[in-house]
Protein chains: 2
Amino acid sequence: MTVQTSPRVSALKNIATRLRIDSVRATSEAGTGHPSTCCSAAEIVAALFCAEMRYVPTDPRNEDNDRFVLSKGHAAPILYAAWAEVGIIPREHLLTLRRLDSDLEGHPTPRLPWVDVATGSLGQGLCAGVGIALNARRIKSDYRTYVLMGDGETAEGSVWESAAVAAADSLDSLCAIVDVNGLGQSRATQLDHNMEAHAARWRGFGWNAIVIDGHDMQAILDALDQARATQGRPTVILARTVKGQGISIMAGKQGWHGKALKKGDEMDAAIKELEAQFVPEEESAPRPQPPRHVTRPAPKRGTLGPLPYQLGESVATREAYGSALARLGAADDRIVALDADVGNSTFSDKFEKQFPDRFYQHYIAEQAMIGSAMGLAARGAIPFPSTFAAFLTRAYDFIRMSAISNLNVKMAGSHAGVSIGEDGPSQMALEDLAMMRAQPNIAVLYPCDAVSTEKLIEQMAYRPGPAYMRTSRPKTPVIYGTDEAFEIGGLKVLRRSDADVATVVGGGVTVFEALQAYDALKARGINIRVVDLYSLQPIDAGALIDCAKKSGGRLITVEDHYHGGGIGDAVAEAVAGAGYTVERRLCVSEIPRSGMPDELLDRYGISARHIVAAVNRS
Amino acid sequence: MTVQTSPRVSALKNIATRLRIDSVRATSEAGTGHPSTCCSAAEIVAALFCAEMRYVPTDPRNEDNDRFVLSKGHAAPILYAAWAEVGIIPREHLLTLRRLDSDLEGHPTPRLPWVDVATGSLGQGLCAGVGIALNARRIKSDYRTYVLMGDGETAEGSVWESAAVAAADSLDSLCAIVDVNGLGQSRATQLDHNMEAHAARWRGFGWNAIVIDGHDMQAILDALDQARATQGRPTVILARTVKGQGISIMAGKQGWHGKALKKGDEMDAAIKELEAQFVPEEESAPRPQPPRHVTRPAPKRGTLGPLPYQLGESVATREAYGSALARLGAADDRIVALDADVGNSTFSDKFEKQFPDRFYQHYIAEQAMIGSAMGLAARGAIPFPSTFAAFLTRAYDFIRMSAISNLNVKMAGSHAGVSIGEDGPSQMALEDLAMMRAQPNIAVLYPCDAVSTEKLIEQMAYRPGPAYMRTSRPKTPVIYGTDEAFEIGGLKVLRRSDADVATVVGGGVTVFEALQAYDALKARGINIRVVDLYSLQPIDAGALIDCAKKSGGRLITVEDHYHGGGIGDAVAEAVAGAGYTVERRLCVSEIPRSGMPDELLDRYGISARHIVAAVNRS
């Protein structure tokens with residue numbers, strides 16, 4: 001059904017043309033970027049920013065603003081151009097694109113207040129969008145969430161993880177738009193312009209799918225209307241587009257991915273061609289409308305209840321994690337928990353039982369889980385996603401992007417190391433500390449008992465930025481009194497004397513091996529210093545150096561982790577400045593196998609016996 | 001259509017009952033494991049191993065055997081029971097399940113010759129299955145590949161990545177079976193027993209989907225017949241089952257995931273109940289039939305052509321990677337390459353142009369790409385999957401499982417570090433060395449010029465086990481002659497004198513910064529030693545210690561990588577045994593931003609100027 005072009009549509013078409021021109025100018029000025037990718041999305045972006053979305057351009061922090069996620073982050077120039085169009089930034093800023101002194105980076109990051117999550121690793125935007133839409137439900141806002149994707153990125157499995165979650169959660173405030181330009185970086189995309197094949201996938205996943213011509217402004221507006229009217233399920237608008245639309249030398253052609261037009265004749269000709277596409281305008285450009293104003297109480301942050309632990313009691317740190325989460329959830333309604341169908345193993349089900357409305361089940365889909373946490377964190381929640389630490393490796397790209405975004409994503413991974421026992425190596429996290437510590441702004445925590453777990457969860461919740469806690473499967477004795485203080489970046493010296501011959505630094509389960517070794521050595525008149533390194537990053541270098549000084553310069557680390565990137569490396573780095581080295585690193589140095597926990601600790605060289613031998617250099 | 005039960009069906013039913021009994025006995029003996037998960041799959045496994053698959057039970061290495069991947073790896077006991085049933089292992093071995101002295105681990109690993117890839121991280125089996133099926137095409141075998149999944153794991157996006165690849169590649173030799181028992185670990189699965197919702201997803205992804213009752217033996221046999229007869233697309237059999245089928249206390253009940261029946265009354269009652277399910281047998285149990293015998297020539301391994309480089313010529317290591325791959329491909333037809341739509345950036349397209357039949361396009365789906373590589377490697381190919389190093393983080397769980405499987409997966413990641421420039425942090429790999437080095441059996445290589453890249457690719461190809469090469473975006477000068485030898489575990493000392501005041505250890509682009517620093521210092525009469533650490537793991541500790549000794553014990557590392565887990569940590573670990581430390585670690589210590597490559601190297605403290613300052617302690 002084609003109707004007479006309305007004045008509003010004409011004005012929006014001209015906005016699309018301006019967005020194309022701005023995208024070309026910015027990328028040509030930078031000499032780098034993706035103008036062809038911008039051009040296919042120009043009508044969609046114009047419609048969203050100037051007709052569909054309700055937001056206050058002067059108020060990026062307005063909780064009720066509709067949200068936009070540019071999942072195809074390489075189209076950043078057209079996002080920035082849309083901001084210039086509605087007055088968020090001055091148009092001349094666009095020419096600073098990709099410069100070291102400009103926040104208009106090659107891909108959008110939250111250095112910019114209108115960006116919730118960094119994009120540029122494809123297939124993540126919808127995952128974050130699900131979290132942003134869940135947040136609307138959490139704060140009882142009617143804001144809508146729009147995610148613009150490329151067709152190429154729908155090859156990423158993460159898209160389908162989140163598609164399934166969005167359908168299961170009936171997220172009708174979520175609208176995905178796929179800019180189906182049919183061209184990837186190196187060739188046609190997997191489904192090319194087969195719109196029905198695209199639609200079949202989304203419908204198969206329970207979505208309302210609408211196929212349109214993505215350069216037909218009226219069709220875009222109609223589809224957005226239809227999406228807004230659709231209840232009980234999310235909508236995807238599958239927009240058939242042409243990559244490089246509007247510029248004849250690149251329109252629909254291979255070889256123009258990530259390539260700017262050369263400043264001078266090439267750029268000038270393209271701009272001239274685009275300018276000729278302006279249509280007569282009968283009304284001024286439409287401007288965004290504000291959202292419905294909602295007054296809501298400030299989030300409550302109450303006081304935490306007391307800790308119930310007795311010294312010597314046996315409690316797994318994973319269980320203390322669940323208890324801490326529930327305790328924190330009672331005091332602060334921004335705390336939310338996310339699971340990937342292991343809540344009865346990580347003990348996040350303790351939170352679920354008390355706060356089912358703030359517990360988000362993602363089934364076995366770790367990328368979607370971390371992606372949702374990113375979106376929730378970006379909109380003011382304090383999300384704790386947790387699963388087996390081994391399976392957080394599945395979401396490493398999302399963790400990386402959370403770090404780039406510096407989001408309040410508070411991760412916990414249980415079942416660390418060979419101490420899980422019989423399930424075998426596939427379930428044992430032996431590289432999680434390395435993976436997390438490799439991100440410079442992730443706090444990395446590894447408590448050994450229930451009290452330190454609970455106290456560090458509190459610390460994690462309120463430290464800005466991403467954080468990770470490693471928890472263990474076996475029960476371990478409570479060794480700290482409930483009034484003991486813990487801080488991120490600290491450690492505890494558990495045993496010390498004036499005659500220490502070495503310092504043994506452990507974490508988690510190996511702290512208890514070190515304590516056993518202490519007793520065995522003590523019985524033979526040998527004193528060692530024992531450190532519980534519950535914070536690997538940041539790390540208390542001063543205290544470690546002091547331990548080294550006071551124990552003959554001898555440091556031994558022992559960890560239920562592979563050699564690379566864990567406690568050994570962290571301690572070595574921390575003490576190097578004072579000239580100390582780690583004399584022995586006891587760690588899991590090969591691919592382990594199934595067995596009983598104690599057998600495995602011994603087999604892989606991280607039990608008390610091995611510590612004693614290391615101290616004795618035997 | 002139900003027909004009279006045939007004698008064959010009765011015999012297969014009894015096999016299913018025996019598999020259940022064996023699974024119960026093994027898990028009860030171990031006191032740990034997943035009998036309920038085994039029971040839902042008993043008829044399927046019986047049909048596959050005793051009626052459908054063609055293989056020689058005495059010859060696991062037969063190239064033409066049909067292949068089976070137990071993607072739901074926690075059902076390992078029933079796989080082992082099937083082996084006992086057909087005589088691959090003695091039945092009494094089943095009772096060693098999960099013991100440290102047994103290869104019958106909690107989840108299957110390739111320590112066992114009938115296992116191609118380790119499973120236990122859900123959602124990976126189909127990805128490996130695609131690679132195994134691609135291998136059949138490569139070696140021109142008519143073997144078929146069967147993948148048994150749980151319904152819970154279809155929430156993993158990796159399943160859909162590989163589903164898309166299998167459909168795009170028309171892999172009709174691939175048959176997935178989903179054991180839809182409707183129960184996850186902590187609750188009902190996302191789609192529960194909604195079989196039509198399952199089918200809609202698979203059909204949406206272009207698969208032939210067949211819905212059956214998974215406990216109806218005749219229906220299973222019919223569906224397998226239909227799958228075998230289906231051409232041009234893969235088939236999925238969606239089998240509606242009951243978790244714990246056959247044992248009334250657990251059948252269809254929550255709370256029985258990963259829980260063994262207690263030895264004694266509980267186990268005895270279950271076995272009694274199962275034994276009552278034996279039906280009268282009119283013929284002996286069916287046995288597997290052998291595959292069609294094919295004689296094929298031994299894989300050729302020819303000699304490599306000469307290297308074309310001139311000293312001083314500018315060539316990016318990513319480009320040399322592509323050249324090396326093509327050169328190697330010409331000499332050895334086991335070499336295959338896999339891409340995720342960036343072949344024109346990683347330069348794997350040089351291989352594609354020459355060997356399109358051995359180039360597997362996965363579009364933007366890194367998990368599927370590594371998964372396929374795992375399957376190909378397991379069946380004798382030497383696969384080189386490559387993408388931007390940053391996006392290998394997307395596949396870290398697959399990389400982890402490749403390491404557990406010790407597979408010949410030869411990964412390459414391009415566009416490492418801030419030296420990529422304007423695209424910004426989402427495209428910059430700054431944690432890839434940490435991620436790879438954290439796996440104890442992955443060789444980690446980081447060449448700085450074209451010659452070393454080419455020579456190390458040769459070494460990677462023929463070193464057993466997984467390996468990773470990091471390549472860079474910028475062009476760098478060729479500094480090695482084409483007759484220079486390189487070995488995994490080596491390094492090169494590029495500058496040395498008898499008066500060196502420090503050793504600077506770099507890798508990739510920072511080698512050239514170190515050489516510039518050398519020149520600047522030399523001009524002021526200060527000598528330094530410069531090391532090209534092209535092999536981080538294994539690492540030449542002896543040579544590094546020697547450098548330290550001969551340069552006043554002063555070591556400075558410089559790397560285009562975050563602080564954790566990279567060159568700094570690797571060198572520190574290597575020299576610690578001799579009492580040396582790394583005095584300064586120049587690295588990227590914060591989240592970087594867009595800018596020009598040289599600007600960024602300087603901004604983040606890893607340029608020649610910073611090296612000079614570090615040497616001068618200024």
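Proteins get letters first, then strands, A, B, ... in listed order; numbering begins at 1 in each. Since we're looking at a predicted model, the values are computed, not measured.
Considering only heavy atoms from C-beta on, Phe391(A) comes within 4.5 Å of Ser121(B) through its side chain. Residues Pro425(B) and Glu105(A) have side chains in contact (heavy-atom distance under 4.5 Å, counting atoms from C-beta outward). Put simply, the side chain of Leu191(A) does not reach to within 4.5 Å of the side chain of Asp151(A), judged on heavy atoms.
Looking at Thr32(B), the atoms closer than 4.5 Å to chain A (heavy atoms on both sides) all sit in the side chain, from C-beta outward. Only the backbone of Met428(B) comes within less than 4.5 Å of a heavy atom in chain A; its side chain stays farther off. Residue Val582(A) touches chain B through its backbone alone, counting heavy-atom pairs closer than 4.5 Å. No part of Ala118(A) comes within reach of chain B, as not one of its non-hydrogen atoms sits under 4.5 angstrom from that chain. Heavy atoms closer than 4.5 Å to chain A are found nowhere in Arg203(B), neither backbone nor side chain. For Ala365(B), the parts lying under 4.5 angstrom from a heavy atom of chain A are both the backbone and the side chain. With a 4.5 Å cut-off on non-hydrogen atoms, Glu352(A) touches chain B through its side chain but not through its backbone. Of the atoms belonging to Thr119(B), it is backbone heavy atoms, and not side-chain ones, that fall under 4.5 Å from chain A. Heavy-atom distances place no part of Ala578(B) under 4.5 Å from chain A, backbone and side chain included. Residue Tyr580(B) touches chain A through its backbone alone, counting heavy-atom pairs closer than 4.5 Å. For Ala188(A), the part lying near chain B is the backbone, with the side chain staying farther off; criterion is any non-hydrogen pair under 4.5 Å. Heavy-atom distances place the side chain of Asp339(A), and not its backbone, under 4.5 Å from chain B. Only the side chain of His34(B) comes within contact range of chain A, judged by heavy atoms closer than 4.5 Å. Looking at Val588(B), neither its backbone nor its side chain comes within 4.5 Å of chain A, counting heavy atoms on both sides. Using a 4.5 Å cut-off between heavy atoms, Ala390(B) touches chain A through backbone and side chain atoms alike.
Residues Glu599(B) and Tyr604(B) have side chains that never bring a donor and an acceptor to within less than 3.5 angstrom of each other. Side-chain atoms of Ser186(A) and Asn344(B) form no donor-acceptor pair, as typed in the model, at a separation below 3.5 Å. Under the 3.5 Å distance criterion, with hydrogens and angles disregarded, a donor-acceptor pair is assigned to the side chains of Asn406(A) and Asn441(A). Ser345(A) and Gln185(B) form a side-chain donor-acceptor contact under 3.5 Å, judged by distance and modelled atom types alone. If you check the side chains of His563(A) and Glu573(B), you find a donor sitting under 3.5 Å from an acceptor.
Of the residues considered (Gly595(B), Ala438(B), Gly565(B)), Ala438(B) shows the highest number of contacts with chain A, using heavy-atom pairs under 4.5 Å. In terms of non-hydrogen atom pairs under 4.5 Å with chain A, the most contact-rich of Glu431(B), Glu161(B), Gln439(B), Arg201(B) is Arg201(B). Chain A forms the most heavy-atom pairs under 4.5 Å with one residue out of Arg603(B), His561(B), Gln361(B), Glu583(B), and that residue is Gln361(B). Contacts with chain A were tallied for Ala434(B), Gly33(B), Gly258(B), Gly152(B); Gly152(B) has the most, counting heavy-atom pairs under 4.5 Å. Contact count versus chain A (heavy atoms, under 4.5 Å) is highest, among Arg99(B), Arg585(B), Met401(B), for Arg585(B).
Of the listed residues (Glu156(B), Glu153(B), Glu366(B)), just one forms a salt bridge (charged side-chain N to carboxylate O under 4.0 Å, His left out) with Arg394(A), and that residue is Glu156(B).
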TODO: In sequence, state the C-alpha distance, the side-chain angles, and the governing distance for Trp202(B) and Trp207(B), and then conclude on ring pair (Phe, Tyr, Trp, His ring centres under 6.0 Å).
DONE: CA-CA 5 Å; Trp202(B) 291 94; Trp207(B) 283 53; 4.9 Å; yes
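Looking at every heavy atom in both residues, Ser426(B) comes nearest to Gly120(A) through OG-CA, 3.5 Å.
A 6.0 Å sphere centred on CZ of Arg584(B) holds no more than 12 heavy atoms belonging to other residues, nucleotides or ligands.
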